[in-house]
Structures are given as structure tokens and as C-alpha cells.
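Bear in mind the structure is a predicted one, so any value in this text is a computation, not a measurement. Numbers restart at 1 for each chain; the letters A, B, ... are given by sequence-line order, proteins then strands.
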Amino acid sequence: MLDFKFVRGNPKIVQDALAKRGSQISLDSFLQLEEQRRDKLFVVEQMKSRRNIVSEEIGRLKKSGKEAKDMVLEMRELSNQIKERDEEIRSLEEQLQSILLDIPNIPHETVPVGSGESDNPTVRMWGRPRNFDFEPKSHWDIGEALDILDFERGGKVTGTRFSFYKGLGAHLERSVFNFMLDLHTTEHGYVEIFPPFMVNRDSMVGTGQLPKFAEDMFKIEGMEYYLIPTAEVPVTNLYRNEILDGENLPIYHCAYSACFRAEAGAAGRDTRGLIRQHQFNKVELVNFCRPDQSYAELEKLTGNAERVLQLLGLPYRVVILCTGDLSFSSAKTYDIEVWLPSSQGYREISSCSNFEDFQARRAGIRFRNQKGKVELVHTLNGSGLAVGRTVAAILENYQEADGTITIPEVLQPYMGTDRISLNQK
RNA sequence: GGAGAGAUGGCCGAGUUGGUCGAAGGCGCUCGACUCGAAAUCGAGUAAACCGUGAUGAGCGGUUUCUAGGGUUCGAAUCCCUAUCUCUCCGCCA
């Protein structure tokens, strides 16, 4: 959410910035409603001030045994008027709030202007795709051939976009996220969180999933609980409506969670394999910091996510999302894309964003600065990494001509083996 | 799921015959005194949001907030209703 006063004072800047994203938003009605609100608020506050004064006077009179009938009658009338006006103001505020909640964040000045994915510049590349002396198979073919992934039964037991991992496949999945958590907690200084996988509505609004993107979420029937689409939601909301001590910033949290996404707009895309499931595992990195730190922290956080791929020996590239591809809440985002041999292309495996104060304002996450003043924190997060996609990348990049999978060295202690082959326990 | 108790400021904790209560007291924190310095002691200060004024600063004036939302009343932390959460006992369960 953008700042009320900033939007009010700088409608032109806001509109121009949003146009770069491809959002045509008119602020006229917002500005009108806001002016009405302030006028009414001013009047009603004066009325309340009078009511307070007179009510006090009535109390004093009654105490000294005198009557105050006229005053009581006058105040009864005044109170009714106040009630009406409060109601009007409340309605105006609701309208303003709902407009503001639907306005995306303003892109940072370093974000390149562009209209979509094809305009995202590559920032850097790491590793070199391997040359196969055989035709590399897709991870779903590998997984089924080795009997470690079962998509068909996933469909039977639950439905499309659900799957089973089996044997060393299941073991590989948990090895991967344990490795990630260990790396981030021991080498990168993150404090691990194990969050609830369901959150209430306020939390979803706090990080920006609601109200705008309700159709992407799974909601529990009959309750205001939602399955989390990412650990970002519970972990960022950990400090919702709190004032943190500025001395403790930045706060670094990492969290494993299952993630649930309805994938409403993705019909027909990535229907095979682990790339786009309704339920997947992810290790998330979350950072709360002072405004002056956040862009340096974004670089650091992105580097922490990259480190996972480097240690796994998986080639990747980092792109910066242009204004047209930037997500709703983000001011600046780097995507990390891993090399997938079966599609001869790079595929998103992490998205690292600085939200500046956009989420903090929605969620009321603040800190006390050195002068003792309260300020909004900046929030950042990034995948560190998406586990299913990492497994897919390992299967594809480390497949051998004989159909087995070599386990990357850093995972061997977790796996207890250096290879996955058919019928291996 | 059944029965009961409770939710007050950064924390603990008064306040429940409605009135001057943003709220006693303690702790914590900040500043000052004492001290070579520290501890102890003493003194002062110590919530947030919004509106107006002002430079979107300081200050000043106002409004709101005692879990949240409604209600009663001239006036509610105090009375009523609802929700949420916490605790105790019983039941159930991993």
C-alpha cells in the first residue's frame, strides 16, 4: 500500500510510475473522496470536542446536586449528529482504503522500463550448461523411469498438479530443503522459522495477496483461513502491528514451508512435471531492515539464494524484472533462473524482491529509530530456493547415459548415497 | 466438543456502585545529580494513529485508541451483545 499523504500530495508522480507498469489508474476519485473525508473529519472533531467539554460540565453540575436538563438534551442531539457523520466518514475511509489496496507498488528508479518478460535484462550468468553425449530426458520421464516420482497416482488421489515422491525421490526432496536451511542458518545468519501453513485474512492482506488476488489462493471452507502460497506470508506477518527495536535490524529469517497455489491463470501451462504444482515445498528468506539498508540487503539476499545453486553446481542466470513484469507488491525484483536441459532454457527458481515499505504499511510493521521516532521498516524476501524445481533441475542436469542420477557432492551426506538408480532402496 | 475464568501502556499490575482516567504503582528505558568510573540512591521524562496550524521539521491545538466490532448513555476501561484469543477442569486426540 502506498502512503495516503504521498498519493494525495503527488498524484502525478504516482500515476506516471504506475503507467510504467502498464497500470492505467486514475486517482481523481481518490483525491475527491479524500478531500471530502478531511472536510467531514474536521467538522466532526470539533463537534466531539464540544461534546467532551459539555459532558464534563454536566458531570460537575450533577455532582454538586444541580440539574442539567437543557445541556443533556442538546448533547443528545449533538451525539446523534456525530454518529451520522462518523458513519459517513467510515464509509469514505473504506472506499479510500479499497482504492489504495488495489494500487501496486511504485517501481524503484533502477528498474528498467519494459512491457513484459522479454524485456528483462540479464544481470549475470553462472556456470555453463553441460554438453550431453546423449539426448537428455525431462525430469518427469526420469522420475517415472526411476520410480521416484508418481504423477499419475497424484492425479488419482488428489487431482491434477499434485504428485507423489517415492523412495529416494522423497529422500532427495527433504535432503534438498534440509541442505538449504542448514546453509542459510549456519553460513548466512538466518534464524529459522517453522510457520503455520494456514493464515487468516489480515495476514494475506498484510503481504499483498488480498484483496486483489483471491482467486490464486486456497481458502478453507467456512473459515477465514487460507493456505499459504509462500512462507513469506506467515513470516512477514510475524511482526504485523509491532514496533521493532531499530537496533535489532536487519532481522533475517528463513523458513521451510509447503506452498499452495490455485494457479488459476495457468491452465495448460507446465502441465507436466514438478514445475507448476498446486502444492510444492520452498525455503523462503525474509528480511526486515531500515529503509537506508534495503537495497544493499536485496543484493545480499539474492546472493544468498544464488549460493545454493553454486554449491549444487547448477548453472543459472539472474535477470532483473522490468517495470511491466514486476509483481504487485514489489519495488524491485531479481529472478534467478536455473538451467533445464530438457527445455534448453532457463527457468525461474527464485524471486528476490524489495517491497520497501509497501508491505510494512499494510501490515503495520515499524521500528523505533535512533531519535526514538517510529518509522516503517522495509521488507524483502526471496526463495532460497523452490525445492521442487531444484529437484527437477538436479534430475535433469545430473542425469547419466545409463539412466542413473549422480547426487551433487553437497547433498551426499544428506542422501547417504552418491547415486540414484532403479530399485535402489 | 462441555463448564468456568480472563484480555488494561515496552513488561507486570491497579482500576468494575459509569463522570475531571491516556489511565495509580512497580519494572524497564532515556536524561540529569552524586561518583575517578560503575553499582546503589535521588530527581525529571518515557504510547500510537489521525486532523488542523506550521515547511509533509520542532512546537502548539484537537480527535481517537484500555483485544476487536456493535449497543445503552449527555458521558464507558468501567454496563449489555457478538467475535477472537489465553488460561483451568472434563471429554477427545498425534
Side-chain angles (χ1 to χ4, degrees), chain A residues 1-14 27 30-97 100-101 106 194 196-206 220 222-226 234 237-249 251 291 356-357 360-377:
Chain A
M1 189 163 68
L2 300 178
D3 180 27
F4 242 79
K5 286 183 196 162
F6 182 79
V7 175
R8 187 166 81 202
N10 308 278
K12 189 93 177 67
I13 294 176
V14 173
L27 296 172
F30 175 87
L31 295 172
Q32 266 180 20
L33 291 168
E34 166 60 11
E35 203 183 319
Q36 282 181 42
R37 175 188 145 263
R38 264 188 303 164
D39 289 348
K40 285 184 198 280
L41 189 62
F42 182 72
V43 172
V44 81
E45 283 187 356
Q46 284 186 325
M47 291 164 84
K48 283 179 179 173
S49 179
R50 171 154 173 78
R51 181 179 67 184
N52 287 343
I53 291 166
V54 176
S55 288
E56 210 173 287
E57 177 67 22
I58 291 172
R60 216 172 293 139
L61 285 174
K62 289 220 166 163
K63 224 169 203 174
S64 60
K66 293 180 187 150
E67 282 295 315
K69 274 237 166 67
D70 290 351
M71 282 187 187
V72 170
L73 283 175
E74 188 201 336
M75 286 305 104
R76 188 174 298 167
E77 175 57 25
L78 185 63
S79 268
N80 286 335
Q81 284 184 32
I82 287 173
K83 207 171 282 180
E84 270 173 43
R85 279 161 207 263
D86 269 345
E87 184 54 41
E88 288 169 19
I89 290 167
R90 212 176 55 96
S91 146
L92 284 171
E93 277 174 350
E94 251 168 42
Q95 293 175 57
L96 284 163
Q97 186 81 350
L100 223 45
L101 282 174
I106 294 176
F194 189 88
F197 292 179
M198 293 184 206
V199 295
N200 60 28
R201 188 185 162 80
D202 285 344
S203 294
M204 285 297 225
V205 173
I220 304 301
M223 298 181 94
E224 280 296 321
Y225 287 173
Y226 297 81
N237 279 284
L238 249 184
Y239 303 115
R240 172 149 52 81
N241 292 329
E242 291 189 24
I243 298 174
L244 305 169
D245 185 343
E247 306 233 327
N248 296 335
L249 300 178
I251 293 172
E356 298 189 355
D357 61 14
R361 184 172 295 106
R362 287 175 163 245
I365 308 170
R366 293 159 296 168
F367 73 102
R368 207 173 288 279
N369 65 24
Q370 284 191 308
K371 289 179 189 161
K373 292 278 281 181
V374 172
E375 269 187 77
L376 292 166
V377 302

When rounded to the nearest Å, what value does the distance between [atom1] atoms of [N] and [M] take?
N: C66(B); M: A23(B); atom1: P; answer: 14 Å
N: A76(B); M: U63(B); atom1: P; answer: 13 Å
N: G15(B); M: A24(B); atom1: P; answer: 14 Å
N: C60(B); M: A7(B); atom1: C1'; answer: 36 Å
N: C85(B); M: A58(B); atom1: C1'; answer: 41 Å
N: G1(B); M: C80(B); atom1: P; answer: 25 Å
N: G2(B); M: A83(B); atom1: P; answer: 12 Å

Salt-bridge test for [X] and [Y]: reply yes if a basic N is under 4.0 Å from a carboxylate O, no otherwise.
X: E56(A); Y: R60(A); result: yes
X: K48(A); Y: E45(A); result: no
X: R85(A); Y: E88(A); result: no
X: K40(A); Y: E93(A); result: no

Please give the nucleotide sitting opposite [N] as a Watson-Crick or G-U wobble pair, both distances under 3.5 Å, or none.
N: A3(B); answer: U88(B)
N: C93(B); answer: none
N: G59(B); answer: U53(B)
N: U20(B); answer: none
N: A47(B); answer: U65(B)
N: G75(B); answer: none
N: C27(B); answer: G10(B)

Rounding to an integer number of Å, can you tell me how far [X] [atom1] sits from [N] [atom2]?
X: E247(A); N: C29(B); atom1: CD; atom2: P; result: 13 Å
X: K5(A); N: G52(B); atom1: NZ; atom2: P; result: 8 Å
X: R201(A); N: C85(B); atom1: CZ; atom2: P; result: 17 Å
X: E242(A); N: A48(B); atom1: CD; atom2: P; result: 16 Å

Please give me the minimum heavy-atom distance between F30(A) and R8(A), naming the atom from each residue.
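That closest heavy-atom pairing would be CE2-N, 4.4 Å.
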In terms of the nearest nucleotide of RNA chain B, which residue is placed more toward the 5' end: F4(A) or Y225(A)?
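Comparing both residues, the 5'-ward one is F4(A).
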Position toward the 5' end of RNA chain B (nearest nucleotide), N10(A) or I243(A):
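Comparing both residues, the 5'-ward one is I243(A).
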State whether R8(A) places a side-chain N or O below 4.0 Å from either non-bridging phosphate oxygen (OP1 or OP2) of C51(B).
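Result: yes.
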Under-4.0 Å side-chain N/O to phosphate OP1/OP2 contact, R38(A) with G52(B)
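For G52(B), OP1 or OP2 has a side-chain N or O of R38(A) closer than 4.0 Å.
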When we call it a touch if two heavy atoms are under 4.0 Å apart, what does [X] touch: a base, just sugar-phosphate, or nothing?
X: K373(A); answer: sugar-phosphate
X: F367(A); answer: nothing
X: R60(A); answer: nothing

From the set A58(B), C51(B), A49(B), return the single nucleotide nearest to any side-chain atom of V374(A).
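Of the options given, the side chain of V374(A) lies nearest A49(B).
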Check: R366(A) side chain, V374(A) main-chain N or O, donor-acceptor pair, under 3.5 Å:
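Not at all, since once roles are kept as given, no pair shorter than 3.5 Å links the two residues.
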Can you tell me if R368(A) uses its side chain to pair, donor with acceptor, with the backbone of I243(A) under 3.5 Å?
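No.
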Partner residues of Y226(A) under the ring-ring contact (aromatic ring centres under 6.0 Å, His included) criterion, sequence neighbours left out:
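With sequence neighbours excluded, Y226(A) shows a ring-ring contact (aromatic ring centres under 6.0 Å, His included) to no residue whatsoever.
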Once base and sugar-phosphate atoms are separated, protein heavy atoms under 4.0 Å mark nucleotides 60-81 of chain B, 5' to 3', with B, S and - as --BSS-------S-BS------
Side-chain donor-acceptor pair under 3.5 Å between S203(A) and N200(A), yes or no?
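S203(A) vs N200(A): donor-acceptor pair found between side chains.
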